[in-house]
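So the structure is just underneath, and the comments pick up after that.
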Amino acid sequence: MTEQFLSGTERTGSATPPEVQPVTCTAPQGPALPLVFDSPHSGSVYPPDFDAAVSIEQLRRGEDRLVDELFAHAPRHAAVLVAARFPRTYIDPNRLDSDLDAALLDAPWPHEAVQSAAGQRGHGLIWRVLDPDVPIYERRLSVAEARRRIERFWRPYHQALQAALDDAHRRHGQVWHVNCHSMWSIGPAGAPDAGAVRPDFVLGDRGGISCAAEFTALVRGALQDMGYSVAVNHPYAGAELVARHGRPAQGRHSLQIEINRSRYMDERTLEAHTDFGVLQADLGRLAGHIAAYVRSQLQGIGGAR
């Protein structure tokens with residue numbers, strides 16, 4: 001284990017403070033629309049108590065690296081941007097807090113535990129392995145450690161996102177949520193599309209149930225008009241955050257967006273390449289398209305409450 005990992009570092013290499021702040025919320029510029037972007041997997045501040053048996057370089061392959069920066073222009077379009085600062089391999093906010101892997105703990109979990117398909121592969125609430133089946137720990141975690149991660153990191157992220165969505169919905173009667181991720185350019189082993197070359201974007205609306213169909217169509221069309229290839233619901237249809245917050249009958253629309261990493265970074269080094277700025281600008285344009293759509297929807301229901 002390197003000293004760099006034990007102290008925890010951000011992208012800049014600066015030391016992590018004793019208490020890692022779990023989440024950042026960037027406020028909209030100007031009057032807020034009921035529009036919230038969130039990036040749950042781009043966190044890169046590694047808490048000192050991680051105590052993993054693999055290097056930080058290996059762990060960083062689990063990040064949705066730089067996704068929060070790709071969507072940095074969203075607040076210019078009257079949207080809130082919520083982003084995790086902790087890494088998903090430490091604890092994953094896009095999983096249920098019951099999605100615990102019994103093989104990871106040194107004692108039975110005293111609460112309900114229901115493993116997802118991802119959890120069965122070792123990518124549940126607290127990751128047990130990195131792809132392809134590289135154990136993250138040389139030990140088992142205590143129940144107290146798992147609880148501490150939930151309370152200090154998972155729960156504050158969910159509270160921040162819930163508060164942003166609820167505030168928008170309370171003021172406007174509707175809210176649109178874009179859940180932001182990135183994906184490898186080739187489907188990895190164990191994925192539904194293992195070995196396949198992926199499109200530039202995959203949109204996930206849980207098979208049409210987490211948002212209005214016209215919202216998915218709007219985002220798909222805007223990206224295609226920019227020259228990108230787009231798939232819907234394959235291989236990613238949306239996970240916990242979209243499932244939790246997407247209730248279109250109640251005016252709550254959630255859409256997941258996955259970005260092909262080869263469009264903005266070197267997948268071997270995980271560093272941004274020369275097209276990063278182009279994609280960032282295009283995603284700013286996408287945020288503008290979505291903001292215009294939200295304004296039109298508000299006008300249709302009589303404006304803000």
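Being a predicted model, the structure only gives us computed values, none of them experimental.
A donor-acceptor pair shorter than 3.5 Å cannot be found between the side chains of H273 and D266. Side chain to side chain, H41 and D92 meet the donor-acceptor criterion of an N or O pair below 3.5 Å. There is no side-chain donor-acceptor pair under 3.5 Å between H177 and H245. Side-chain N/O atoms of N179 and D38 include a donor and acceptor closer than 3.5 Å. Checking Q280 against Y264 by side-chain atom types alone, no donor-acceptor pair falls below 3.5 Å.
Evaluated for a side chain to side chain contact (heavy atoms under 4.5 Å, CB included) with I259, the options D64, L283, L223, D200 yield exactly one hit, L283.
Contact of the D193 side chain with the H234 side chain is registered, since non-hydrogen atoms from C-beta on lie closer than 4.5 Å. A heavy-atom distance below 4.5 Å is found between the side chains of D49 and R148.
Classified by interplanar angle (parallel below 30°, tilted 30° to 60°, perpendicular above 60°), the ring pair H253/W176 is parallel. Note: W109 and H111 have perpendicular aromatic rings, judged against thresholds of 30 and 60 degrees for the angle between ring planes. By the 30° and 60° cut-offs, the orientation of the rings of F201 relative to Y228 is perpendicular.
For Y90 and F153, the gap between ring centers is short of 6.0 Å.
Comment: R139 engages D51 in a salt bridge, judged by a side-chain N to carboxylate O separation of less than 4.0 angstrom. Taking a cutoff of 4.0 Å between a charged side-chain nitrogen and a carboxylate oxygen, E258 and R198 do not qualify as a salt bridge.
Side chain of E267 to backbone of S185: a donor-acceptor contact under 3.5 angstrom is found.
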